[in-house]
Amino acid sequence: MISFIGRSAVQKMITLFFVSIVSFLIIHLAPGKPSQVDPMNPKFTPEMVERFRSEFHLDKPLTIQYLYFYRDLFTGRTVSWKDNQSVLLKIWERFLNSLPLFIVGTILTWTLSFPVGIRSALQRGGNFDRSSTFLAYLLISIPGFFFAYVLIIFVVTQFQVPVIGMETFGIGSTSPMTRFMDRIWHLLLPSVLGATAGIAVLSRYVRSQMLEVEGQDYVRTARAKGLPPDQVHYKHALRNALLPFVTMFGLILPGLIGGSVITESIFSWPGMGRMAYEAILARDYPVILTVNFISAVLVLIGTFISDLLYLVVDPRIRL
Amino acid sequence: MSSATHSQTASPGDVIETPLGPTRSRFQQFWVLFRRNSLAVSGLAIFGLFFFTAVVGLLVTSGTQPLLDPAQVRLQEKLKPPLSRPNLDTLRPGEVPPLGVYLFGTDNLGRDVFARMLQGAWVSLTVGFVAVGISVVIGIFLGGIAGYFGQAAIRVDHMLPAFLLLFGVAAWIAGAKGSAIVLMGLGSGVVIVSIAAQKIWRKRPMPVFLNALRFPVLTADTLIMRLVDIMLCFPSFFLILTVVALLPASLYNIMIVIGLTSWMGTTRFVRAEFLSLREQDFVLAARALGIRTYRIIFRQMMPNAIAPVLVSATIGIASAILTEAGLSFLGFGVPPPHATWGNILSGGKDFIFDAPWLTFVPGIAILIVVLSFNLFGEGLRDALNPKLRERH
């Protein structure tokens, strides 16, 4: 166990090191210079460009820039090139905005996909199974931005509520109850959008796991013993079918920082995804690299946690 | 599988001497299974229709004098709903739409949405196929190496020059020509030294400092799988967005970038298949017959490993089309005025209540095409599944 943790930690550190190099190279070897973001701006004199370049070490060779960047990142001193604010602080603010979306989306995904998947597995080939299968394909295939507009048109024309942004403009002076409902309405659509693909994929996965377990010998034995069907399905089959999903708790971690770029820009939601998108447009390299680095860290921690959980819940795995 | 069809030439009492193969070819077996799945068959049909539409669209809308001009601006005819007729009094003769009707309406500049959709179909088709083609080629190549030659060790004298040359090229691109030449020189130096060392000390034991060069660092399998791990660490849509935004806008960049960021799944599939196939008797037999390695890989093993690759490629096309649509929705990729389904939709977003057809026409088109690829891919997966093949 200890040796597994140690080995895996070393391996992940090495992976992270290479990820940091690759992302740095991708950004810095791309054509165009960050110091020439706005050549039409008359205030952007050559002296300004020179000062900008020396201020952010852009005149140094790439290896030195790399060292400078990651030294600043680990000491928390990285600043955005656009507004000179601390990158970690900016990310933290945006992260707090994205967090409700992530939480509601995850809750929707996990509470909806299990009942749907289990029911369609138990009624394999039935009407419910076929329609939920087709619906799942439909939800996987629908482009997020199109679905967003369909939902916006539907909600706005049917319920006459505003859905863009985090809250209605100028609502600050009304009663707390109104404000709360306003927040809920604004939260609903983006988190439903964030959950659609997840629901579709996860319910299919639950269905296939459930079907596989239902075909096992011990389930047949349980049925042959004359146990009531409910007990067979939910006590014998479901428990074993749930095994792989325990490990998926680790894999939802990267979604924390993902923050859908498209959903957040449609709904003007000031979250992570939109910040990253704006940083890309402004060639704000520190922000892009930091987001990339943090999400890589989360992916690695997530896989690590899921490996550990697998070890804990599945006694068949011995390292 | 009956042998009745094979024995038609032999008279009833004869013993058949030639061994009988399966009466139905692999493809026929596949087709019998595939036909049962009506969703998948309709997916295939829609895919055929889409292909046809895209080719016709390319022919009709390209050239200097296109039959349907997707870039023809008619400001007096803007935001006309679908199936509305053009107002012939206000249009100059060259501006009259050849169909005599705006099948899908017009956009905010009075351009014919039908013509623009036809033009965009080709973009979606080529992005889907080229991007997946790139990722499948990389995936088969790396997965094949990892699966077949996986246990071969990579030694220090392989690693060192590779790194030196790589950094040399990187430095050259970054503009540091001096250090690039030094790095590349060092890299080729190591290659020459290690080859020379092998020639000189072929019989006698090598001195310690040269033997260190031959120290096995890691296996090819480890190297490739760690590369897959590294690539999986990047948030894919964000990475694609970054690269596409930094590179000059072009369709080819999008195809290449999507292809280069989506080969990891294929690599894993091919590696897993190759690892199990390599141990099987027919490969051993082929090796014993003295068949050359690349022939074993491509003629004997690849057809057995191709099923999961085909499935993931079909579904990959669907997600590549979605990614491209998302990128052009955000305003990257094919530069305007060339139409793509994503940028028609993004152009219509300011008019979703006044002109909902600008959202629904491209949105539903993308939905149908992506859905058909997904259904077809799932049908393929079921039909190619050997467990199901035995049962029926």
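Naming: A, B, ... by sequence-line order, numbering from 1 per chain. The analysis underlying the following values was restricted to heavy atoms, covering all of them including side chains, and did not include hydrogens, waters or symmetry mates.
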Novice: Under a 4.5 Å cutoff for heavy-atom pairs, which residue among A/Ile280, A/Thr15, A/Val299 has the most contacts with chain B?
Specialist: A/Ile280
Novice: Using only atom types and a distance under 3.5 Å, with no angle test, would you say the side chain of B/Asn343 pairs donor to acceptor with the backbone of B/Phe329?
Specialist: no
Novice: Against chain B, work out which of A/Pro143, A/Gly144, A/Gly302, A/Ser265 has the most heavy-atom pairs shorter than 4.5 Å and name it.
Specialist: A/Pro143
Novice: Under 4.5 Å from any heavy atom of chain B, what part of A/Val297 do you find: side chain, backbone, both or neither?
Specialist: neither
Novice: At a heavy-atom separation under 4.5 Å, does B/Leu375 approach chain A through its side chain, its backbone, both, or neither?
Specialist: side chain
Novice: Answer yes or no: is there an ion pair linking A/Arg94 with A/Glu278, defined by an N-O contact shorter than 4.0 Å?
Specialist: yes
Novice: Quick test of your reading of the model: are B/Asp229 and A/Lys12 salt-bridged, counting only N-O distances below 4.0 Å?
Specialist: no
Novice: Is the closest side-chain heavy-atom distance between B/Phe237 and A/Ile262 below 4.5 Å?
Specialist: yes
Novice: For the interface with chain A, which of B/Leu227, B/Leu367, B/Leu39, B/Thr359 has the highest count of heavy-atom pairs at distances below 4.5 Å?
Specialist: B/Leu367
Novice: For this output row, return yes or no: ring centroids of A/Tyr70 and A/Tyr66 closer than 6.0 angstrom.
Specialist: yes
Novice: Check each atom of B/Leu345 against the heavy atoms of chain A and say whether the ones under 4.5 Å are side chain, backbone, both or neither.
Specialist: side chain
Novice: At a heavy-atom distance under 4.5 Å, which candidate from B/Ile366, B/Ile321, B/Val369, B/Val243 has the highest pair count against chain A?
Specialist: B/Ile366
Novice: Side chain to side chain donor-acceptor pair (under 3.5 Å) between A/Arg207 and A/Tyr205: does it pass, once the steps are laid out?
Specialist: CA-CA 5 Å; A/Arg207 177 181 178 272; A/Tyr205 192 28; over 6 Å; no
Novice: Between B/Pro356, B/Ala245, B/Ala325, which shows the greatest number of heavy-atom pairs under 4.5 Å with chain A?
Specialist: B/Ala325
Novice: Heavy-atom pairs under 4.5 Å with chain B - which of A/Leu16, A/Ile14, A/Thr133, A/Leu138 has more of them than the others?
Specialist: A/Leu138
Novice: Side chain to side chain donor-acceptor pair (under 3.5 Å) between A/Thr303 and A/Ser306: does it pass, once the steps are laid out?
Specialist: CA-CA 5 Å; A/Thr303 47; A/Ser306 85; over 6 Å; no
